[in-house]
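Protein chains get the first letters and strands the later ones, always in sequence-line order, with residue 1 at the start of each.
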Amino acid sequence: MTENVFAFTTMNMTSSASDSGDDMDDSKGEDEMKPLSIVTDLSPSSPNGPLKMPKSPSKVSSKKRIRAPPGSAKPEERRVLHTHGRRTLYTAGRPPWYNMEGQLTNAFVIGICGGSASGKTTVARKIIEALDVPWVSLVSMDSFYKVLSHEQHEKAIRNEYDFDHPDAFDFDLIVSTIARLKEGKNVNVPVYNFATHAREKAMKTIYGANVVIFEGIMAFVNAELLKLMDIKVFVDTDSDVRLARRLRRDIAERGRDPQGVLKQYMKFVKPSFEHYIEPSMRSADIIVPRGGENDVAINLIVLHVHNQLQARGFKLRSKLAQSTHNGQPMPESLHILEKTPQVNGMHSFIRDRGTSRDEFIFYSKRLMRLLFEFAISMLPFKDVVVELPQSMTYNGKRIAVEKIAGVSILRAGETMEQALCEVCKDVSIGKILIQTNLDTGEPELHYTRLPRDIKDHYIFLLDATVATGAAAMMAIRVLLDHDVPEEKIFLCSLLMAESGVHTVAYAFPKVKIVTTAVDKEMNEDFHILPGLGNFGDRYFGTDFND
Amino acid sequence: MPEHHEEDRQKTVCLQTMEPDVIHSNKTSEDCKPLFKENELNELEEYNFGPNFIKLRPTDGVRELQTVIRDKNTPRTDFIFYADRLIRLIVEEGLNKLPYRKCSVTTPTGQVYNGLRYEKGNCGVSIVRSGEAMEQGLRDCCRSLRIGKILIQSDEDTHDAKVVYANLPKDINQRKVLLMYPIMCTGNTVAKAVKILQQNNVNESNIILLNLFCTPQAANQLVTEFPGMTILTSEVHPVAPSHFGQKYFGTD
């Protein structure tokens, strides 16, 4: 019975090319929503993707039209979007999505509308593929069906609830979600359960992206939603073709009888298309006849989006390195650990290129512990009165912060986690992987995994060394996008370059910068001078030069 | 008048049944009371015990460590966690008093960094038992440091401190000595330990005492008796958390 409902929702649920993996354990599988054309093209032994590909094409296509029970899909299958070119889109790093001041630039929102089974998803996928930009979010309207009352639920089971009516969608939530995505922030998209017609308890997190594609049958019905879209595409596929697709899909893959499918089509799907969907074509900027087969139209769209994106692009790291903060006084947000003989001695060990790895690890850990004791004393404290065993009271201090999280910037930041745990009981640890793209020299975001309620935490952002500040800036931006207030972020490192200090302090003046030393210069490879070399390589022993 | 008397007695009975511990210990600590007013424990005047008496900078973080250690309601796991943190800070500060020399190192980028090297020739001495709680903290900073031990017990009748056991590095007279004892009430135990070191030809000025909590009396006694010794503590306060050893080792 419940399958009848799916006939109306046809193709797709929420799918995201840029799901950051924040939230891998709740949503349903996305691989099931992939259009056949893409899925069948998959090779099980994909070359580039570091994440696992679905095991076999046949397995994926058989799962494709069946709503899998929650949690059945493997997380790694859901985090990636595979394309014709056998590329894995999500796993490509995200280049900066903010400017030198650390401020956000709006994402480009593409709206795709069209009748049921018109090929909206195929068009979306083709656009994503041809765009060739990492970090694209694909959001489907199907996630935003309203939660049904008991009576409505019964009706839906009897096949008498109209899912093809604008009232079936929660437009307030759609507008706020798309608005947030446009700001580059992450959103929690509800996971709609088509069996119970309610939302799953756990939401699916979609991370902010450079391009957001929103598709659905009623995508152009709401005026507010239309305002958020930078380009509006209507997929106009002949109604005969659409009906034929529906028939084939429902009969072949869901084992339903042709009479029932036709009855539904005539009762809800067709009237809805004529009343709401077809008239909304007026709002479209581009109408794509024949859907996904229309390569000319798709190329035109892609060309336009490319131009728009290029107009917003920027080279961040090189700009940061060139920016002259020379002679400016150090910002107030910078806090340097006092250079005692011990601290200076530890620095001598860490900086000496002749230091053995054993000693390098030992002294850097000692230094980190002092760094975190120093950083902790900058958190807010409150006065307390405690009872002594001597039956008196004592006016002391306790930390006035409930939750503290460490967020390490991989790889070097991870080395600091242990020292943080040694001074901070029950600290949660998040991780962010940022790597430098060797072609562009730009930092790219590859992976984030943060505590669920990260916005309620004070954050110690960990990176062993900060040179240009580009990676630190990106990590801070990620935290801000997760609604962490700027003043709750502490950037903790062992060594910084002056320009990095200025860059971070200029972009995020409220972020506290805590370090054990600041060096004056940086070479053309963005290494700190005199510095200490590549901290991660020396700590993990991955420098094979010696 | 009799009525009033009756009321007072009722009150006492009530208190005793509810909080017998409080009543009891109030009686025993009565002699301490004239020293300070309750609730003004932290507003004591700044003591000055000379240049060789050093107090850890009382940051909010340090104040929290002291508060948790003193709080009688702190669970033991927390107590050890916070005590170890404070010990580590005292040890790191104490190490700053050890000798070093300037040196230049070459960094992996080929540049020169002007830093310093620690000199050899130091050792630690812990006073059993609570001093041993600080050994690990010192060991975590100096992996192969020699550590001696002194066991001192006070005679139950005369309250005189007596040395029961001492095992020190042979060449201790040529070393800087980090003497470890976390809580000082009277200073007698430490005074005895310093005398043992002196008997082993250790120069007073080569001793650095690592201490967490110290009473003004103890501080006064030690700076008077051993003016050349360096004393490092985190807090000078009339009430010392004397339950430290018992709680740290779990023997209450």
### Query
So, do B:R143 and A:F362 sit near enough that their side-chain heavy atoms are less than 4.5 Å apart?
yes
### Query
Is there side-chain contact between B:T77 and A:K425, with heavy atoms separated by less than 4.5 Å?
yes
Which value, rounded to the nearest 0.5 Å, describes the distance between [X] atom [atom1] and [Y] atom [atom2]?
| X | Y | atom1 | atom2 | value |
| --- | --- | --- | --- | --- |
| B:L116 | A:M346 | CG | CE | 10.0 Å |
| A:N395 | B:R70 | CG | CZ | 11.0 Å |
| B:T67 | A:L388 | OG1 | CG | 9.5 Å |
| B:D60 | A:R398 | CG | CZ | 12.5 Å |

Are the side chain of [X] and the backbone of [Y] linked by a donor-acceptor contact shorter than 3.5 Å?
| X | Y | result |
| --- | --- | --- |
| A:R351 | B:T107 | no |
| B:Y113 | A:D352 | no |
| A:Q390 | B:A240 | yes |

Shorter than 4.5 Å, heavy atoms on both sides: which option in [options] has the most such pairs with chain B?
| options | value |
| --- | --- |
| A:V423, A:T340, A:I376 | A:V423 |
| A:R369, A:H527, A:K339 | A:R369 |
| A:G533, A:G345, A:G531 | A:G345 |

### Task
Check whether more than 12 heavy atoms from other residues, nucleotides or ligands sit under 6.0 Å from atom CZ of B:F81, and answer yes or no.
yes
### Message
Tell me whether B:R129 at atom CZ has more than 12 heavy atoms from other residues, nucleotides or ligands lying less than 6.0 Å away.
### Response
yes
Residue [X] versus chain A: region with a heavy atom under 4.5 Å:
| X | answer |
| --- | --- |
| B:S242 | both |
| B:R57 | side chain |
| B:L89 | side chain |
| B:V112 | backbone |
| B:R117 | side chain |

Based on non-hydrogen pairs under 4.5 Å, which of [options] is most in contact with chain A?
| options | result |
| --- | --- |
| B:Q111, B:E92, B:Q66 | B:E92 |
| B:T59, B:T109, B:V68, B:N114 | B:T109 |
| B:N96, B:D71, B:D78 | B:N96 |
| B:K97, B:R88, B:E64, B:H243 | B:E64 |

Select one option (side chain, backbone, both, neither) describing which atoms of [X] are under 4.5 Å from chain B's heavy atoms.
| X | result |
| --- | --- |
| A:F374 | neither |
| A:E338 | side chain |
| A:Q342 | both |
| A:M378 | neither |
| A:I528 | backbone |

### Summary
Note: B:G115 and A:S348 closest approach over all heavy atoms is CA-OG, 3.2 Å
### Query
How close do B:P108 and A:R538 get, heavy atom to heavy atom, and via which atoms?
CG-NH1, 3.7 Å
